[in-house]
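Heads up: the structure comes next, in structure tokens.
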Amino acid sequence: MSPRTEPSGTAPTTLSRQVPEKVGLDGLEERWDATWETDGTYRFDADAPAESIYSIDTPPPTVSGSLHVGHVFSYTHTDVVARYRRMRGAEVFYPMGWDDNGLPTERRVQNYYGVRCDPTLPYVPGFVPPHEGTDGKAVKPADQVPVSRPNFIELCERLSAQDEQQFESLWRYLGLSVDWSRTYQTIGDSARAVAQQAFLRNLARGEAYQQLAPGLWDVTFQTAVAQAELEARDYPGHFYKVAFHGEGGPVHIETTRPELLPACVALIAHPDDERYQPLFGTTVRSPLFDVEIPVLAHPAAEPDKGAGIAMCCTFGDLTDVQWWRELRLPNRTVVGRDGRLERTTPEWLTGDGAAVYAELAGKTTFSAREAVVAALRTAGDLDGEPTPTMRKANFYEKGDKPLEIVSSRQWYIRNGGRDEDLRAALLARAEELEFHPGFMRVRYENWVGGLNGDWLISRQRFFGVPFPVWYALDAAGEPLYDTPLVPTEEQLPVDPSSDVPEGYAADQRGVPGGFVGDSDIMDTWATSSLTPQIACGWRDDPALFTKTFPMSLRPQGQDIIRTWLFSTVVRSHLEHGSLPWSHAGISGWILDPDRKKMSKSKGNVVTPMGLLTEHGSDAVRYWAASAKLGTDAAFEVGQMKIGRRLAIKVLNASKFALSFGAPDAPVSLDPATVTVPLDRAMLAGLAEVVDQATAALESYDHTRALEVTETFFWTFCDDYLELVKDRAYGGLRRGKSELARSSEPIDGVDERSEEHAADINPAGAESARTALALALDVMLRLFAPVLPFATEEVWSWWREGSVHRQPWPDAAPLRAAAGDAPPGIVVSAGAALAALRKVKSEAKLSMRTEVSSVRLTIPTDAAEGVRAALADVRAAGRVTGDLDLVTGDVPAPVADDAVLVTS
RNA sequence: GGGCGAUUGGCUCAGUGGUAGAGCGCCUCGUUCACACCGAGGAGGUCACUGGUUCGAACCCAGUAUCGCCCACCA
């Protein structure tokens, strides 16, 4: 464990000289970041015992994108947890990852360097990209220079490294207490090896498999798309009423995709639909193509949708896939991977049908649709005019054309989508996981309950983790997909496009009897789902892995529960038979002032660095920490200003609290010197705050902890500090005239004099000074997780070490110091002071106006408290003459009959 | 269509059974011997709506409306 300084003990500390004359927030970020780095304040100690470790599965931000306010928001939440746990005595394992994997990086490299990947090209050593930087403008696809895959990947890595630097500086400026010596990349060798090893083990256990099956396909990106990456969008189209030819007359169906008519394999209606019951089991013939089509019953058909009978094509939508699978229909796919109709006429079309198809071959679905509609109209098989409709179509979340469903060979990992037992097991895992807030669990359960297939993990792209498999080629040069060749785990990571499988020579690549590498890469989530294994050193550092896994906390956004959170649970369940972490902290969204989700496209994204430099990191952190987990928060500069004000107040109040006594006198932290009831009562209140803040943070409620601390702090400044400052000065600084008559007796102090009590009772002054120091010591630690810079600054004025390595405050010593002092004294005395202030405020006079006589009526139950602190109340209220204290039936203290001395 | 969340003073939000809270903003005043990135005081709300439970409801129950997010023959 790292060395810690002692908890607030009795050792005096002499640093009042080091309190700066003028305090401020500017420059604290750079200064303390540098110090923390030098001192290794947040360095993880790998020798710490396993039970002391708190490990955080930090979300690796996508470095090809830009950080926005939402990142600052949620990463602050995590940092508050990390700092709290560290102060609670945990050794916090808090690494940072960089997600530089996948399509976003590819795209950014294309735009930034003006290149595109052409896997057929050879590697060019020392390649210089034609362009560098975006200047706010991307290089158009037509102007992009084709480069080899290795060159392309080099550029991806180069740009990622640059981006990571920028990200790290921002995070450091924000004050994330990450151990920066432990960063990982999702595309680094280590992460690649982890992803490949996990995949190979899934493969060996039968959890990963390859299948030729219809799947969602993006014709623009030319890649398969997983269920989790779908986005349903409104898409305009038309309903076409088309006549099929039956023996008893035409059967009309309505379709939005008439171009799929040649792919029609059945007409389907609901089994209970009396209109179509007579047709079940019979066949009809399709218009134009004259193919014999069975009429079938299936409960998924909706009687009130369209004509109530649907044309099932291979494949128009996911329902078609379901029918095709469940009714064991033939596959008559006509749409190819490029989004165009197959160029060769399908075998099931003959005669006139083949002739019609010849007109469609090679056309996009859009032009094919027009052609088919025109032909239907000519043939008289189009009933009425098409009616416009807005339908929901599936899109790849990054694409702009509706997805097609095509058959392709893809890799899958079992995730319970086709297996009830596994699904139940994964739902049971969610029961074990503590979600913060708890209702987020429902999102997981809904998603898992609604899965309709296994997890598609293969992508037909270039930059990513390749599948570590090769296929032997038979004598005809056809790959033997069922028996993939795999490397050993020691060989990982491998790139099957350049590495050669065991038992083969490089020149056998692609030749009959030789081998070929799998050309796909893994879905980005296939790697991201392994962040715990990557961060904890599953492959590279088994000792670390044993200590840190399963991890303590996964912080993340609510939008990726179905992707990142779920897929991580899947991988961990399959590989380790456990949850990957025990807690999941879900942050909400940042919304615009008009309650819309903030996004780049709306042009309202504020750059985080600008925010941090303008308001200060503590201020921005305060805004973030004021929002509960799981709750959307408004982007509100006002809240940051409040945070800034708080941070400044912490500096100023601390400076003030440390300024009493002789300049070189030690600051006492000895609780025994706190003898005055008011001071003890303040400490009793603080003890309560410590308990509440601790309980709140233990249940991942940082807003509550901040709120109680902040409320106490402001009362401390406005009331307690005002009440005791004269006494704490001990007459050393002020002229005595003002104070000469603050002569009420002070409990625990036996002298009474016409002089200020503290002048002849140093114990009263000492009590206040020590109480101030003790309270400051505790409050700094309570604020430290949210305001790391201001608290560290103050700590450095008078204490040793970093506040961030201090133990979290404990209420017990405060209670011991407080003894049996009635805790209500601070409240009662504060209310009495407020009454005196009100008199002056209403008389529109300065708060420093002297009161030569006043009657103070206080609630009966406050009497004891006010009496106990009467000298301080008099001093703070500048009551220089008679103070007639009476009790009465009033809700709060009232001052009247005041005689104010105006000068 | 389903799920989840939200609806409290002009704004941002606390408050889960006992006479409505905070900060910002606003109004009035003060102040530069911790803090003008300041201080004090004040005004301002029938807690979205309708029913119900209860001695008592912002809070519990049912329904409605509006907003947000997620999902969508599976719900």
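Quick note on labels: first sequence line is chain A, next is B, and so on, each numbered from 1.
Looking only at distances, a side-chain donor or acceptor of S852(A) sits under 3.5 Å from a matching main-chain atom of V899(A). Proximity of a side-chain donor or acceptor of H270(A) to a complementary backbone N or O of G308(A) within less than 3.5 Å is not detected. In this structure, the side chain of H702(A) engages the main chain of A627(A) through a donor-acceptor pair within 3.5 Å.
Side-chain atoms of E434(A) and Y700(A) form no donor-acceptor pair, as typed in the model, at a separation below 3.5 Å. One side chain, D701(A) or T703(A), offers a donor N or O that lies under 3.5 Å from an acceptor on the other.
As rounded to whole Å, 11 Å separates atom P of rG39(B) from atom CD1 of I648(A). D317(A) places its CG atom 13 Å from the C1' atom of rA72(B), with the value rounded to the nearest Å. D559(A) places its CG atom 22 Å from the P atom of rG3(B), with the value rounded to the nearest Å. Taking atom CE on M640(A) and atom P on rU12(B), their separation rounds to 14 Å, with Å as the unit. Between the P atom of rC38(B) and the CZ atom of F656(A) lies a distance of 17 Å, rounded to the nearest Å. rA34(B) atom C1' lies 5 Å from atom NZ of K655(A), rounded to whole Å. To the nearest angstrom, C1' of rU28(B) lies 11 Å from CE of M847(A). What separates CG of L403(A) from P of rA72(B) is a distance of 12 Å, to the nearest Å.
Relative to the side chain of A634(A), the nucleotides rA34(B), rU12(B), rG41(B) differ in distance, and rU12(B) lies closest. When the nucleotides rU12(B), rG5(B), rC24(B) are ranked by their closest atom to the side chain of I642(A), rC24(B) comes out on top. Comparing rA34(B), rC70(B), rC71(B) by their closest approach to the side chain of R443(A) singles out rC70(B). Side-chain proximity of N652(A) to the nucleotides rA14(B), rU12(B), rC35(B) is greatest for rC35(B). Listed nucleotides rA14(B), rC71(B), rG3(B) differ in distance to V442(A); the shortest reach to its side chain belongs to rG3(B).
Within 4.0 Å (heavy atoms only), Q639(A) reaches no atom of the nucleic acid at all. Counting any heavy atom pair closer than 4.0 Å across all strands shown, E445(A) reaches no nucleic acid atom. Among the protein residues, W323(A) comes within range of the nucleic acid bases, having at least one heavy atom under 4.0 Å from a base atom. Using a 4.0 Å heavy-atom cutoff across all strands shown, A834(A) reaches sugar-phosphate atoms only and no base atom. Residue contacts for E21(A): at a heavy-atom cut-off of 4.0 Å it reaches no nucleic acid atom on any strand shown. K844(A) comes within 4.0 angstrom of the backbone, heavy atoms only, and of no base.
On the P atoms, rU54(B) is 47 Å away from rA40(B), given to the nearest whole Å. To the nearest whole angstrom, the two P atoms, one in rC55(B) and one in rG2(B), are 36 Å apart. Rounded to a whole angstrom, the distance from the C1' atom of rG52(B) to that of rU66(B) is 23 Å. Rounded to whole Å, the P atom of rG23(B) lies 10 Å from the corresponding atom of rG41(B). Annotation: rU19(B) and rU12(B) have their C1' atoms spaced 27 Å apart (nearest Å). Rounded to a whole angstrom, the distance from the C1' atom of rA57(B) to that of rC67(B) is 24 Å. Atom name P, nucleotides rC24(B) and rA62(B): the rounded distance is 39 Å, in whole Å. Of the P atoms belonging to rC4(B) and rG63(B), the separation is 12 Å, rounded to the nearest Å.
A close approach under 4.0 Å does not occur between any side-chain nitrogen or oxygen of K641(A) and OP1 or OP2 of rC24(B). Phosphate proximity of rC71(B) to R562(A): present, with a side-chain N or O under 4.0 Å from OP1 or OP2. In this structure, R645(A) reaches the rC24(B) phosphate: one of its side-chain N or O atoms is under 4.0 Å from OP1 or OP2. Look at K628(A) and you'll find a side-chain N or O under 4.0 angstrom from OP1 or OP2 of rG15(B).
Here the side chains of W798(A) and L780(A) are in contact, with some heavy-atom distance below 4.5 Å.
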Exercise. Taking only Watson-Crick and G-U wobble pairs with both distances under 3.5 Å, what dot-bracket line describes RNA chain B, where [ ] shows pairs that cross earlier ones and | shows pairs with another strand?
Worked result: ((((((((.[[[[.)..(..]]]].((((((....).))))).....[[[[[..)....]]]]])))))))....
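Within 3.5 Å, a donor on the side chain of R644(A) pairs with an acceptor on the base of rC37(B), or the reverse.
A salt bridge links D679(A) to R727(A): at least one charged side-chain nitrogen sits closer than 4.0 Å to a carboxylate oxygen. Taking the charged nitrogens against the carboxylate oxygens, D726(A) and R874(A) have no contact shorter than 4.0 Å, which rules out a salt bridge.
Residue pairs meeting the salt bridge (Lys or Arg N to Asp or Glu O under 4.0 Å) criterion with at least one partner in residues 615-629 of chain A, sequence neighbours excluded, are D79(A)-R621(A).
Mapping V23(A) and D26(A) onto RNA chain B via the closest heavy atom, the residue that lands nearer the 5' end is V23(A). Toward the 5' end of RNA chain B, the nearer of the two residues R837(A) and S846(A), judged by each one's closest nucleotide, is S846(A).
Aromatic pair F73(A)/W589(A): ring centres not closer than 6.0 Å.
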